[in-house]
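To start, the structure under review is shown below, and the notes come after it.
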Amino acid sequence: MSHDQDQNKLDGGFWRAVIVMGIISALGMWGIVVFPIEDYLKEAAQQAADIDWLFKFMAFFSVPILVYVNGFIIYFVVRYRKRASDSIQATGSPIHDHAGLETWWTIIPAALMLALGLLSYNVLPKYYGAQAATVTMEAIGHKWDYEFRYPGLTQSVYNDLYLPINVPVTIDITSAEARADDAVIHSFWVPEFRIKQDMVPGMVVPIHFTPNRPGTYRIICTEFCGVGHSHMWGSVHIVSQAEFDAWFAAQQKQGASGGPRINVATGDAGAGQALFQQKCSVCHNAAPFDQRKVGPGLADIFDDPQHPTLVDAKKANPADVAEILEKGYTGSMGSMPNMQANGLSSTDIANLIAYLKTLHK
């Protein structure tokens, strides 16, 4: 046997470590097979089971990769550590350029990646491939709310998405801001649907799914989209067809009536201050106009000689400020969502107006 062959020979300790790691891997892989993902994160869309199966496939083969990679690192650190008796010329592992090992740790990962690619090719088109849909709508990401547009409604719905159960849905997903330099990437993620799709300005991505479990689930933005990112979340409500029809009819009625009328003379300043901190302080300071965050500072909004008009060029009086709070604003200073998107009632707006009046010095 040549000198090189002696150096490439793996000793008994190496193979015992391989067997121990094999046992640990087998236990971990068995745990992945029997672990009930759906008991911890409900499947609320027809396609979710396929995504869970794909996830289990990846996790199943990731276990031995994790165990062997980290196991060998630990083994080699311990087995070939430098001892006081070692000469200065001593070298570590004798497996460098071991043709057999290098062949298998190339073939096995490549085969796994190929299998994963083929399986993903079979599963993912179920979300992205064109198919017949009973409900087709739009989801648009803004700073920092989700806008949903239903065919048949004259107004948009913000942050609360209603869908009938067991009805196929197509949602065209995108992102938009009033100014190009304000446009950012948001994300539409409903973990129970196993859907995560980035909302990219200028790009419309249709996704298809069929909600099949009633309940309310969180919509989460997973892209850091600015100072209000933590406030960008919504809910999707999966309801019966009858409940959906009733909700849709109420929305149509609200759209036809032009929305609620607000009595700005009945507000409570204390309640408005608390609401301002909760809803408005992300984008506005209770300070002079020039102390901007996203929008201008709102102190002296009703009595500022330097800024006698509002961002929509209307007179700075309570009624016109209430109109902006009610209908929202899009213009040179960016976008502000309407009262529905901000979760404001008519009373809330009246309270905010009362608080803004107290900021006059």
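Numbers here simply count residues along the sequence, with the first being 1.
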Sidechain-backbone polar pair: N212 side chain, N166 backbone, donor-acceptor under 3.5 Å: no

Check for a donor-acceptor pair, side chain of N159 on one end and backbone N or O of Y146 on the other, with a separation under 3.5 Å. yes

ring-ring contact (aromatic ring centres under 6.0 Å, His included) partner of F57, the single match among F60, F61, F55: F61

Quick check: is L54 connected to L118 through a chain of hydrophobic side chains (ILVMFWY, heavy atoms under 4.5 Å apart)? no

Check: F209 ring centre within less than 6.0 Å of F193 ring centre: yes

N351 and D348: side-chain donor and acceptor closer than 3.5 Å? no

Would you say S175's side chain and G141's backbone share a donor-acceptor pair under 3.5 angstrom? yes

Where is the tightest heavy-atom contact between W144 and C225, given as atom of each residue plus distance? NE1-O, 3.2 Å

Hphob cluster co-occupancy, W233 + F224, side-chain heavy atoms under 4.5 angstrom: no

Find out if a path of hydrophobic residues (ILVMFWY) with successive side-chain heavy-atom gaps under 4.5 Å connects I65 to V33. yes

Backbone N/O of D300 and side chain of D304: donor-acceptor pair under 3.5 Å: no

Donor-acceptor pair, D198 side chain versus V200 backbone, under 3.5 Å? no

Donor-acceptor contact present, side-chain T174 to main-chain M203, <3.5 Å: yes

Go through the steps to decide whether H237 and D160 satisfy the test side chain to side chain donor-acceptor pair (under 3.5 Å), and finish with yes or no. CA-CA 7 Å; H237 308 271; D160 281 291; 2.7 Å; yes

Partners of Y68 by ring-ring contact (aromatic ring centres under 6.0 Å, His included), sequence neighbours excluded? F72

Residue pair Q252 / G152: nearest heavy atoms and the distance that separates them: NE2-O, 3.4 Å

Can you check whether E223's main-chain N or O pairs, donor with acceptor, with H229's side chain at less than 3.5 Å? yes

Between atom CD1 of I32 and atom CD1 of I37, what is the distance when rounded to the nearest 0.5 Å? 7.5 Å

Roughly how far, to the nearest 0.5 Å, is the CD1 atom of I24 from the CG atom of N70? 11.0 Å

Quick one: side chain to side chain donor-acceptor pair (under 3.5 Å) pairs with a partner in residues 49-67, sequence neighbours left out? D50-K126, D52-R194

Under 4.5 Å between side-chain heavy atoms, hopping through other hydrophobics if needed: is there a path connecting M58 to M29? yes

Grouping I, L, V, M, F, W and Y whenever their side-chain heavy atoms are under 4.5 Å apart, do F244 and Y217 come out in a common cluster? yes

Apply the hydrophobic cluster definition, ILVMFWY joined by side-chain contacts under 4.5 Å directly or through others, and give me every member besides I220. W189

Please confirm whether Y162 and F148 have ring centers closer than 6.0 angstrom. no

Could you check whether H142 and E147, counting side-chain N and O atoms only, form a donor-acceptor pair closer than 3.5 Å? yes

